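These numbers were taken from a predicted model, which means no experiment stands behind them. First the proteins, then the strands, lettered A, B, ... as listed; each starts at 1.
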Number of protein chains: 2
Amino acid sequence: MVANEKLPHPDREDIELTSVLFALSDEARLALVQQLKEGPMDMANCSALDPNAPKSTRSHQVKVLREAGVIISELHGRNRRLTLRRDDIDARFPGLLESVLRG
Amino acid sequence: MVANEKLPHPDREDIELTSVLFALSDEARLALVQQLKEGPMDMANCSALDPNAPKSTRSHQVKVLREAGVIISELHGRNRRLTLRRDDIDARFPGLLESVLRG
DNA sequence: CAAACAGTTCAACTATTATCGAACTATGGT
DNA sequence: ACCATAGTTCGATAATAGTTGAACTGTTTG
């Protein structure tokens with residue numbers, strides 16, 4: 001049981017294809033996912049999230065990916081650690097992530 | 001050389017991933033693409049395009065898919081024949097269409 | 001050639017998304 | 001305890017997307 005997690009994430013079976021496609025249909029969000037394919041990363045260290053943009057904007061971009069079920073955002077110290085939900089997406093839509101991440 | 005074709009379609013190399021993902025991120029458009037995977041079909045016969053919706057709305061839905069490079073819309077008699085650009089999408093983003101159409 | 005058919009295009013409107021500052025929350029460090 | 005860090009949330013505004021009727025284009029049929 002991970003204690004400090006209050007932001008909602010959809011269960012694997014509730015991840016919807018159209019929501020995932022929409023979340024990935026934005027350049028900035030796609031770039032973030034590209035970066036996360038290498039492994040989890042703290043939000044503060046993600047260069048894909050333009051550091052010049054206000055943090056409310058960055059938070060929003062992450063929220064769209066989280067609510068679509070593409071990433072997990074969990075508290076890690078005073079940072080948010082972002083993790084690509086590779087297993088969940090692969091289980092639900094086999095091959096999708098691979099083809100998107102290659103493109 | 002097909003004569004009667006005035007609507008613009010992007011060349012294969014100009015098809016953008018984010019545009020394709022966006023076009024497919026809508027239930028109605030995704031349903032249409034699902035229907036077209038069986039083969040080309042006249043717009044008038046596509047049950048995926050809600051026949052109760054006004055034709056301007058149906059035309060718009062088709063336009064988004066065409067401009068993203070997902071389908072070809074060519075004049076065929078007085079209908080529009082819609083064809084999934086399977087080869088082009090497969091060449092550009094291998095595996096993407098397959099995983100989306102399975103989902 | 002006129003009428004019907006199958007759409008496209010345009011303009012106005014509605015609805016959904018994105019951006020951003022400001023106030024707020026939680027954690028870690030001193 | 002206090003302050004800095006790293007975000008979230010809210011509310012307003014801007015930008016983008018979708019819906020629709022009306023007018024228009026091109027094609028077949030009578």
Side-chain angles (χ1 to χ4, degrees), chain A residues 2-9 16 18-33 35-36 40-68 70-83, chain B residues 2-9 16 18-33 35-36 40-68 70-83:
Chain A
V2 180
N4 299 313
E5 186 50 63
K6 292 171 303 180
L7 301 181
H9 295 74
E16 284 176 36
T18 49
S19 303
V20 171
L21 295 176
F22 179 79
L24 297 174
S25 72
D26 173 78
E27 297 286 356
R29 292 189 300 251
L30 183 59
L32 176 56
V33 170
Q35 197 166 44
L36 293 180
M41 187 176 274
D42 283 358
M43 205 170 149
N45 299 329
C46 291
S47 60
L49 288 169
D50 177 9
N52 299 333
K55 48 191 182 173
S56 51
T57 299
R58 296 196 299 270
S59 179
H60 173 71
Q61 291 169 338
V62 167
K63 181 185 188 183
V64 173
L65 287 165
R66 172 178 53 78
E67 289 182 339
V70 177
I71 65 175
I72 288 174
S73 168
E74 51 191 347
L75 217 45
H76 181 250
R78 50 185 162 182
N79 296 355
R80 288 262 160 206
R81 170 149 298 178
L82 307 183
T83 310
Chain B
V2 180
N4 299 313
E5 185 51 64
K6 292 171 304 183
L7 301 179
H9 295 74
E16 285 176 36
T18 49
S19 303
V20 170
L21 295 176
F22 180 79
L24 296 175
S25 73
D26 173 78
E27 297 285 358
R29 292 190 298 251
L30 183 58
L32 176 56
V33 170
Q35 198 166 45
L36 293 180
M41 188 176 274
D42 283 359
M43 205 171 150
N45 298 329
C46 291
S47 60
L49 290 168
D50 178 8
N52 299 333
K55 48 191 184 173
S56 51
T57 300
R58 296 196 299 269
S59 180
H60 173 72
Q61 291 169 337
V62 167
K63 181 185 187 181
V64 173
L65 287 166
R66 173 177 53 79
E67 289 182 339
V70 177
I71 65 174
I72 288 173
S73 168
E74 51 191 347
L75 217 44
H76 181 250
R78 51 186 164 184
N79 295 355
R80 287 261 159 207
R81 169 150 297 178
L82 306 183
T83 310

Taking distance alone, no hydrogens or angles, what donor-acceptor pairs closer than 3.5 Å link side-chain atoms of residues 51-63 of chain A to residues at least two apart or in another chain?
residue	atom	partner	partner atom	Å
A:Arg58	NH1	A:Ala53	O	2.5

Helix axis bend for the helix from C:dC1-D:dG30 to C:dT30-D:dA1 - C1'-based end axes, five pairs, 10° rounding: 30°

Check whether [X] reaches the backbone of [Y] with its side chain - one donor and one acceptor, N or O, closer than 3.5 Å.
| X | Y | answer |
| --- | --- | --- |
| A:His76 | A:Glu74 | no |
| B:Arg29 | B:Ala23 | yes |
| A:Arg66 | A:His9 | no |

With A:Glu67, which residues qualify under side chain to side chain donor-acceptor pair (under 3.5 Å), at least two apart? none

Let me know the distance between [atom1] of [X] and [atom2] of [N], rounded to the nearest Å.
| X | N | atom1 | atom2 | answer |
| --- | --- | --- | --- | --- |
| B:Asp50 | D:dG18 | CG | P | 16 Å |
| B:Glu74 | D:dT27 | CD | C1' | 16 Å |
| B:Leu49 | C:dA6 | CG | P | 14 Å |
| B:Glu67 | D:dT16 | CD | C1' | 14 Å |
| A:Glu27 | C:dT19 | CD | P | 12 Å |
| A:Arg78 | D:dG7 | CZ | P | 11 Å |
| B:Asn52 | D:dT19 | CG | P | 14 Å |
| A:Leu75 | D:dT5 | CG | P | 17 Å |

Select from A:Asp26 and A:His76 the residue whose nearest nucleotide in DNA chain C is closer to the 5' end of that strand. A:Asp26

Contact pattern, 5' to 3', of nucleotides 8-14 of chain C - B, S or - by protein heavy atom under 4.0 Å: BB-----

Tell me, please, which residues at least two apart from A:Asn79 pass side chain to side chain contact (heavy atoms under 4.5 Å, CB included). A:Asp42

Partners passing side chain to side chain contact (heavy atoms under 4.5 Å, CB included) against B:Ala31 (at least two apart in sequence or in another chain): B:Ala48

So what does B:Arg29 touch, heavy atoms closer than 4.0 Å: a base, only the sugar-phosphate, or nothing? sugar-phosphate

Looking at D:dT20, D:dG18, C:dA18, which one has an atom nearest to any side-chain atom of A:Phe22? C:dA18

Gap between atom CG of B:Asn45 and atom CG of B:Leu82 - 0.5 Å precision: 10.0 Å

Working to the nearest 0.5 angstrom, can you tell me the gap between B:Cys46 SG and B:Gln35 CD? 5.0 Å

